[in-house]
Amino acid sequence: MSKVYVFDHPLIQHKLTYIRDKNTGTKQFRELVEEVAMLMAYEITRDLPLEEITVETPIMEAKMNVIAGKKLGVVPILRAGLGMVDGILNLIPNAKVGHIGLYRDPETLQPVEYYCKLPTDVEERDLIAVDPMLATGGSAAAAIGFMKQRGAKSIKLMCLIAAPEGIKVVQEAHPDVDIYVAAVDECLNDHGYITPGLGDAGDRLFGTK
Ligand SMILES: O=P(O)(O)OC[C@H]1O[C@H](OP(=O)(O)OP(=O)(O)O)[C@H](O)[C@@H]1O
Ligand SMILES: O=c1cc[nH]c(=O)[nH]1
Ligand SMILES: [Mg+2]
């Protein structure tokens, strides 16, 4: 069974509270989502392997660590996942970016696919699928399924807020995919929204409501 990691860093928790606030406007919402994604990327990359190289300081030659040429990829689930990409790329500028277009049918709550473009060498990359919301888990489970169908072998899922229901669905469908979140909320409401949550992440990011 995969693991669930909750990032309880005070900066992440502080920013998430203002992301949740309904009085936070589009500009600030977008900035905060990007900042939290960057902080989460800092935490999620803790296990990157290092290798020694030789550098010349002004004083002497010395062996020091750099990140061993790990191939990374970030895969936002459209639309709302886009809001997390720049924050991650601030820290990992050489990561390739794939895109998976999915929206959740408001009646059935089932994911509907409309786009998929992943890096060609997807099987060699460590991929981070990103989406602010893990609600029923249908979208994330489907997106991870598409990534695997196209050859992905190493996948992590990073979300701002998860519902217990969504975590269970992803863990059962993809027991090899660890889940990284800033918060696990109480439950879903009758419309499949995370409670207390933050509302509709895509609409709040792009000002479409
Ligand atoms: O876990 P689930 O029940 O599948 O719900 C979560 C999905 O819903 C939201 O996307 P939405 O369908 O609103 O699309 P959007 O990002 O284009 O707004 C969210 O960004 C997730 O992708
Ligand atoms: O709470 C939710 C659930 C699905 N999608 C969102 O944007 N928010
Ligand atoms: Mg939406």
Side-chain angles (χ1 to χ4, degrees), residues 5-45 72-106 111-119 127-140 142-144 147 156-163 166 179-185 188-189 191-209:
Y5 298 90
V6 182
F7 292 140
D8 58 0
H9 192 291
L11 285 172
I12 294 177
Q13 294 304 312
H14 174 88
K15 289 174 192 292
L16 183 62
T17 296
Y18 289 100
I19 288 172
R20 290 179 185 277
D21 187 340
K22 70 174 186 183
N23 295 312
T24 297
T26 301
K27 177 175 181 288
Q28 200 192 356
F29 186 90
R30 205 181 286 141
E31 289 168 357
L32 286 166
V33 169
E34 185 177 324
E35 287 168 16
V36 170
M38 186 172 73
L39 293 167
M40 292 182 78
Y42 174 81
E43 297 279 14
I44 211 172
T45 49
L72 299 176
V74 183
V75 182
I77 302 174
L78 309 183
R79 285 173 305 167
L82 287 174
M84 299 172 72
V85 174
D86 285 351
I88 300 171
L89 292 181
N90 280 343
L91 291 190
I92 319 168
N94 291 325
K96 295 275 195 303
V97 182
H99 294 85
I100 295 182
L102 282 179
Y103 70 88
R104 193 176 74 159
D105 184 289
V112 183
E113 184 197 1
Y114 59 89
Y115 190 72
C116 185
K117 180 82 179 174
L118 299 178
L127 301 171
I128 309 172
V130 298
D131 192 328
M133 310 307 277
L134 178 61
T136 65
S139 302
I144 293 165
M147 292 161 74
K156 292 174 174 172
L157 174 65
M158 185 169 121
C159 303
L160 298 190
I161 304 179
I179 302 171
Y180 300 79
V181 299
V184 179
D185 277 9
L188 299 176
N189 70 13
H191 305 287
Y193 276 84
I194 299 177
T195 307
L198 55 71
D200 190 301
D203 284 339
R204 294 195 63 192
L205 268 171
F206 298 110
T208 42
K209 211 165 205 171

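FYI, the numbering just counts along the sequence from 1.
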Trainee: Suppose the criterion is salt bridge (Lys or Arg N to Asp or Glu O under 4.0 Å): which pairs have a residue in residues 9-18, not counting sequence neighbours?
Mentor: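 Of all non-adjacent pairs touching residues 9-18, those that pass salt bridge (Lys or Arg N to Asp or Glu O under 4.0 Å) are Lys15-Glu35.
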Trainee: Could you tell me the separation between the CG atom of Leu78 and the CD atom of Glu113, rounded to the nearest 0.5 Å?
Mentor: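 CD of Glu113 is found 11.0 Å from CG of Leu78.
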Trainee: Within the 4.5 Å heavy-atom criterion, are Phe206 and Leu82 side-chain neighbours or not?
Mentor: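 Yes - at least one pair of side-chain heavy atoms lies under 4.5 Å apart.
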Trainee: Side chains of Val130 and Val75, heavy atoms from C-beta outward: is any pair under 4.5 Å?
Mentor: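 When only atoms from C-beta onward are counted, Val75 and Val130 do not touch, as no gap falls below 4.5 Å.
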Trainee: Quick check for you: to the nearest 0.5 Å, what is the distance between Leu127 atom CG and Met158 atom CE?
Mentor: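 Output value for this atom pair is 13.5 Å.
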Trainee: With sequence neighbours excluded, tell me which residues meet side chain to side chain contact (heavy atoms under 4.5 Å, CB included) with Thr45.
Mentor: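 In terms of side chain to side chain contact (heavy atoms under 4.5 Å, CB included), with neighbours along the sequence ignored, Thr45 is linked to Leu48, Ile92.
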Trainee: Looking at Ala183 and Arg20, what are the two nearest heavy atoms and their distance?
Mentor: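 Where Ala183 meets Arg20 most closely, the heavy atoms are CB-NH2, 3.5 Å.
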Trainee: Contact between Ile44 and Ile128 at the side-chain level, heavy atoms closer than 4.5 Å - yes or no?
Mentor: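 Ile44 reaches Ile128 side chain to side chain.
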Trainee: For Asn94, check side chain to side chain contact (heavy atoms under 4.5 Å, CB included) against everything at least two apart and list the hits.
Mentor: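 Not a single residue meets the side chain to side chain contact (heavy atoms under 4.5 Å, CB included) criterion with Asn94.
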Trainee: Please check this pair: side chain of Thr17 against backbone of Gln13, looking for a donor-acceptor N/O pair closer than 3.5 Å.
Mentor: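 Indeed, once roles are kept as given, a pair shorter than 3.5 Å links the two residues.
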Trainee: Using a strict cut-off of less than 4.0 Å between a Lys/Arg side-chain nitrogen and an Asp/Glu carboxylate oxygen, indicate whether Asp131 and Arg79 qualify as a salt bridge.
Mentor: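 Judged by the 4.0 Å cut-off on N to carboxylate O distance, Asp131 and Arg79 do not form a salt bridge.
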Trainee: Identify the heavy atoms of Pro111 and Leu102 that sit nearest to each other, and give their distance.
Mentor: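 Closest pair (atom of Pro111, atom of Leu102, distance): CB-CD2, 4.2 Å.
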Trainee: Cys159 and Leu134: which non-hydrogen atoms are nearest, and at how many Å?
Mentor: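 In terms of heavy atoms, the two residues are closest at SG-CB, 3.8 Å.
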Trainee: Quick one: salt bridge (Lys or Arg N to Asp or Glu O under 4.0 Å) pairs with a partner in residues 21-30, sequence neighbours left out?
Mentor: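 Listed by first then second residue: Lys27-Glu31.
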Trainee: Please name the pair of heavy atoms, one in Ala135 and one in Ala163, separated by the smallest distance, quoted to 0.1 Å.
Mentor: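 Heavy-atom minimum between the residues: O-CB, 3.8 Å.
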Trainee: Who are the side chain to side chain contact (heavy atoms under 4.5 Å, CB included) partners of Val97, not counting sequence neighbours?
Mentor: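 Scan of Val97 (side chain to side chain contact (heavy atoms under 4.5 Å, CB included), adjacent residues dropped) gives Pro76, Val85, Leu89, His99.
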Trainee: Could you pull out the closest heavy-atom pair between Ala182 and Ile12, with the gap in Å?
Mentor: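 Minimum heavy-atom separation between Ala182 and Ile12: CB-CG2, 3.6 Å.
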Trainee: Which heavy atom in Arg104 sits nearest to a heavy atom in His191, and how many Å separate them?
Mentor: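 So the minimum-distance heavy-atom pair works out to NH2-O, 3.5 Å.
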Trainee: Enumerate the ring pair (Phe, Tyr, Trp, His ring centres under 6.0 Å) contacts for residues 15-43, please, sequence neighbours excluded, ordered by first and then second residue.
Mentor: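 Counting only pairs at least two positions apart or across chains, the ring pair (Phe, Tyr, Trp, His ring centres under 6.0 Å) contacts touching residues 15-43 are His14-Tyr18.
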Trainee: Checking Lys96 now: which residues fulfil side chain to side chain contact (heavy atoms under 4.5 Å, CB included) with it, not counting sequence neighbours?
Mentor: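 Here the qualifying residues are Pro119, Arg125.
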Trainee: Test of understanding: with salt bridge (charged side-chain N to carboxylate O under 4.0 Å, His left out), list the residues that count as partners of Glu43, not counting sequence neighbours.
Mentor: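 If we apply the salt bridge (charged side-chain N to carboxylate O under 4.0 Å, His left out) test to Glu43, skipping adjacent residues, the hits are Arg46.
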Trainee: Show me the donor-acceptor pairs within less than 3.5 Å that the side chains of residues 194-202 make with the rest of the protein, sequence neighbours left out.
Mentor:
unit_1	atom_1	unit_2	atom_2	d
Thr195	OG1	Tyr193	O	3.4
Asp200	OD1	Gly202	N	3.1
Asp200	OD1	Asp203	N	3.0
Asp200	OD2	Tyr193	OH	3.0

Trainee: Find out whether Val181 and Leu160 are in side-chain contact, i.e. whether some heavy atom of one side chain is under 4.5 Å from a heavy atom of the other.
Mentor: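 No, too far: nothing below the 4.5 Å cut-off.
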